[in-house]
Amino acid sequence: MKIRLVADSSANIYPNHTPLVYAAPMKIVTTIKEYVDNDDLNVLKMLSELKAYKGKSSTACPSVEDWLDTFKDADIVYGVSITSNLSGCYNAAMIAKAQYEQMHPERKVFILDTLSTVPEMQLLLEKYDELIKQGFSFDDVVSEIKSYLKKTHLAFFLSSLDNFAKNGRVNPVIAKAIGVLGLRIVGKASDEGTLEAMHKVRGERKTLNQLFETMKELGFRGGKVRLAHSYNPEAAESFKNLIHESYPDSDVQITLNKGLCCFYAEEGGLLVGFEG
Ligand code: X90
């Protein structure tokens, strides 16, 4: 029995990722170039080209074909998608599932709409892996992963919401307030899977403290934590230390954002997925 874990590329899947996950690539698009968010993408080069480029840039979710490529010939596919409230990604995955199950009636696909992104998706993928290793049936994996989603959360700080606003995914008034004053925004994924801005803060220490407070308000008491940063390893390390000061036993791991997340989380942003 072939079982595959799949995700869109916003889950930051690198070639050595554990567990093994097949990723359907997002795309970052300008009028002159399309960047495919796969292992071949040079993210730093893309960011510097985008800085120099003055035209319009946007993103696109994986196509139905991209999703079908990740399913390949698996008997059972379990997956996660970025929130359906900010992307057509989940919708494309659902079409792929319908086609795949129609072509192969004995095969099964379940894709979870995480109403979230990056590090919370990583926690969910790890949970799928545990459930598979424990020998759970398809229906039980599905029900267990849905209950685990109720326990996991996403919080973040970002230094700019420009690309969110330009792409109609956040209110431009909120975006402007941060950009102009050089503030950072601390927020969370709302229950509906949208970006909820909660606090405006200035300075690294205050930002990290506010992010930690937000985690505790959401029920964090020392479980698993996954951090994803946009070329800001110092903030990720400092935040890991801050968590360990209060919860020395919590399992904290750090990844670097790939193309799509660097485009939206912009330079310096940090996302935290955790168990509540
Ligand atoms: O379909 C597409 O074109 C992709 C759109 C993706 C938009 C969201 C990207 C999020 C990247 C940024 C910070 C966290 C916000 C979380 C809200 C749920 C990460």
Side-chain angles (χ1 to χ4, degrees), residues 7-13 23-30 34-38 43 46-47 50 56-64 66-67 80-96 111-124 149 152-171 174-175 178 184-199 207 211 214-215 218 226-232 235-236 255-274:
D8 62 75
S9 67
S10 75
N12 282 352
I13 305 302
M26 296 276 191
K27 282 124 201 156
I28 298 93
V29 192
T30 71
E34 179 180 271
Y35 303 90
V36 180
D37 195 10
N38 59 22
V43 177
M46 175 188 88
L47 293 174
L50 287 175
K56 201 176 138 35
S57 53
S58 62
T59 57
C61 67
S63 65
V64 173
D66 292 331
W67 276 112
V80 286
S81 161
I82 193 168
T83 171
S84 61
N85 261 318
L86 292 179
S87 172
C89 191
Y90 178 69
N91 194 39
M94 285 300 95
I95 298 170
I111 308 288
L112 182 71
D113 176 3
T114 63
L115 299 175
S116 181
T117 185
V118 207
E120 190 175 350
M121 289 166 79
Q122 294 176 343
L123 288 174
L124 289 152
L149 180 63
T152 57
H153 303 274
L154 177 79
F156 52 83
F157 78 75
L158 303 174
S159 43
S160 163
L161 290 175
D162 274 4
N163 282 332
F164 266 103
K166 281 186 196 150
N167 285 285
R169 287 182 166 92
V170 92
N171 184 329
I174 298 177
I178 306 156
R184 279 163 167 172
I185 192 99
V186 173
K188 65 174 184 179
S190 69
D191 292 344
E192 298 76 43
T194 54
L195 184 152
E196 187 173 329
M198 297 166 79
H199 309 275
T207 305
L211 185 60
T214 304
M215 278 175 79
L218 290 167
R226 297 292 173 263
L227 300 177
H229 65 90
S230 296
Y231 293 93
N232 194 353
T255 55
L256 171 66
N257 282 332
K258 297 192 90 171
L260 180 96
C261 302
C262 279
F263 177 79
Y264 282 105
E266 302 198 38
E267 252 173 277
L270 180 69
L271 288 86
V272 49
F274 56 97

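In each ligand, atom 1 is the first atom listed, and ligand 1 is the first ligand listed. All values reported here derive from a predicted model rather than from experimental measurement. We count residues from 1, following the sequence as given.
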- atom 10 (C) of ligand 1: nearest protein contact (heavy atom, Å): Phe164 CZ, 3.8 Å
Distance in Å, [X] [atom1] paired with [Y] [atom2], rounded so as to fall on 0.5 Å steps:
X	Y	atom1	atom2	answer
Leu112	Met121	CG	CE	9.0 Å
Leu211	Arg184	CG	CZ	10.5 Å
Asp37	Thr59	CG	OG1	10.5 Å
Met94	Ile111	CE	CD1	5.5 Å

- Going by heavy-atom distance to atom 11 (C) of ligand 1, choose the closest among Tyr264, Phe263, Tyr90, Phe156. Tyr264
- Item | Cys89 heavy atom under 4.0 Å from ligand 1 | no
Just jot down the ligand 1 atoms closer than 4.0 angstrom to any heavy atom of [X], in number order.
X	result
Ala189	18 (C)
Cys61	1 (O), 2 (C), 3 (O)
Thr59	2 (C), 3 (O), 4 (C), 5 (C)
Leu271	13 (C), 14 (C), 19 (C)

- Note on the structure: Logged contact type for Leu154 with ligand 1, heavy-atom cut-off 4.0 Å, is side chain
- N/O separation below 3.5 Å, Ser87 to ligand 1: yes
- Item | Heavy-atom closest pair, residues Glu266 and Leu161 | OE2-C, 4.1 Å
- Closest non-hydrogen atom pair, Ser87 against Arg169: CA-NH2, 4.4 Å
- Query: Pick one: which of Thr117, Asn257, Thr114 meets side-chain hydrogen bond (donor to acceptor under 3.5 Å, both in side chains) with Ser10?
  - Reply: Thr117
